[in-house]
There are 2 protein chains.
Amino acid sequence: MAYIYCMSTLARTPKQIGTIIQRARKQRDWTQSDLAERAGLRQGTISVIEKGDKPAKLDSILAVLAALDLEFRVGERSKGAGQDIEELF
Amino acid sequence: MAYIYCMSTLARTPKQIGTIIQRARKQRDWTQSDLAERAGLRQGTISVIEKGDKPAKLDSILAVLAALDLEFRVGERSKGAGQDIEELF
DNA sequence: AGTAAATATACGCCATAGCGTATATATTGT
DNA sequence: ACAATATATACGCTATGGCGTATATTTACT
């Protein structure tokens, strides 16, 4: 087990994941259609994923994250450390 | 944006996520049935998720990770840093 | 080896994610 | 205000995830 230095955002719910995706997309100045094309999905699906109010498939999320060149990490809970998505609002 | 200190494992595919989940479950000495009950799923579903050969729903994955008290993080790609799931084999 | 426990599969069923297509509703720029 | 672009919804359809239940198959223990 190695401790690593990384920059990431905690997500617990589909809505939070959607928000992270939307932020990353806008950082890249991509439209939902741009992202949809790169992820092999449709614009409407990106919209739904970003809103996060309807469940999505893991594969779709992974495709979107890969299209955004974002990493997906699973790890032990690190209380107090890091940036929680809720802090962003 | 804050840099944080964390321990996590990179995952890119459902199979890798399944492996992470299985490792965490065994660390806790839980059976698939134990995990299934805590996550509100069935043993068979846990089996499928751990194998990762069939797509799953994001909600199911999140439920499992929550049951394992694991964090889910999305972040910028940090080349070379951290522990890649592939290194585990 | 033999038994018990754990894990992997199977089958019918139901709910729903995402598609294709289309349109309504923001949002942005001039 | 207007036009153009971007985002949110809608509808029928198809594919499939997970359930409930049950049973193979594998693994662990004496």
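Owing to the predicted nature of the structure, the values given are computational and were not obtained by experimental measurement. Convention: sequence-line order gives letters A, B, ...; per-chain numbering from 1.
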Student: Got a donor-acceptor contact below 3.5 angstrom from the Arg38(A) side chain to the Leu68(A) backbone?
Tutor: no

Student: Check the interface with nucleotides 3-7 of chain C: list each N/O to N/O pair with the protein under 3.5 Å, or write none.
Tutor:
residue: dT7(C); atom: OP1; partner: Arg25(B); partner atom: NH1; Å: 2.9
residue: dT7(C); atom: OP1; partner: Arg25(B); partner atom: NH2; Å: 3.3
residue: dT7(C); atom: OP2; partner: Gln32(B); partner atom: N; Å: 2.8

Student: Measure the distance from CG on Leu62(B) to P on dG17(D) and round it to the nearest whole Å.
Tutor: 17 Å

Student: How many whole angstroms separate atom CG of Asp53(A) from atom P of dT9(D)?
Tutor: 7 Å

Student: I need the CD1-P distance between Ile46(B) and dC19(D), as an integer number of Å.
Tutor: 8 Å

Student: Quick check on dG17(D): is either OP1 or OP2 less than 4.0 Å from any side-chain nitrogen or oxygen of Ser60(B)?
Tutor: no

Student: Arg42(B): what forms a salt bridge (charged side-chain N to carboxylate O under 4.0 Å, His left out) with it, not counting sequence neighbours?
Tutor: none

Student: Does a side-chain heavy-atom distance below 4.5 Å link Pro55(A) with Leu58(B)?
Tutor: no

Student: Using whole Å, what does the distance between atom C1' of nucleotide dT7(D) and atom CG of Leu35(A) come to?
Tutor: 13 Å

Student: Note the angle between the end axes of the helix from dA1(C)-dT30(D) to dT30(C)-dA1(D), five pairs defining each, rounded to 10 degrees.
Tutor: 70°

Student: Please enumerate all residues that pass salt bridge (charged side-chain N to carboxylate O under 4.0 Å, His left out) together with Arg25(B), with sequence neighbours excluded.
Tutor: Glu50(B)

Student: When the distance from NZ of Lys51(A) to P of dA26(C) is rounded to whole Å, what number comes out?
Tutor: 10 Å

Student: Is any side-chain nitrogen or oxygen of Thr45(B) closer than 4.0 Å to OP1 or OP2 of dG17(D)?
Tutor: no

Student: For nucleotides 10-15 of chain D, give me every protein contact, N/O to N/O, under 3.5 Å, one pair per line with atom names.
Tutor:
none

Student: Mind jotting down which residue pairs meet the salt bridge (charged side-chain N to carboxylate O under 4.0 Å, His left out) criterion with at least one end in residues 54-66 of chain A? Sequence neighbours excluded, please.
Tutor: none

Student: Rounding to a whole Å, what distance do you find between Asp29(A):CG and dT7(D):P?
Tutor: 11 Å

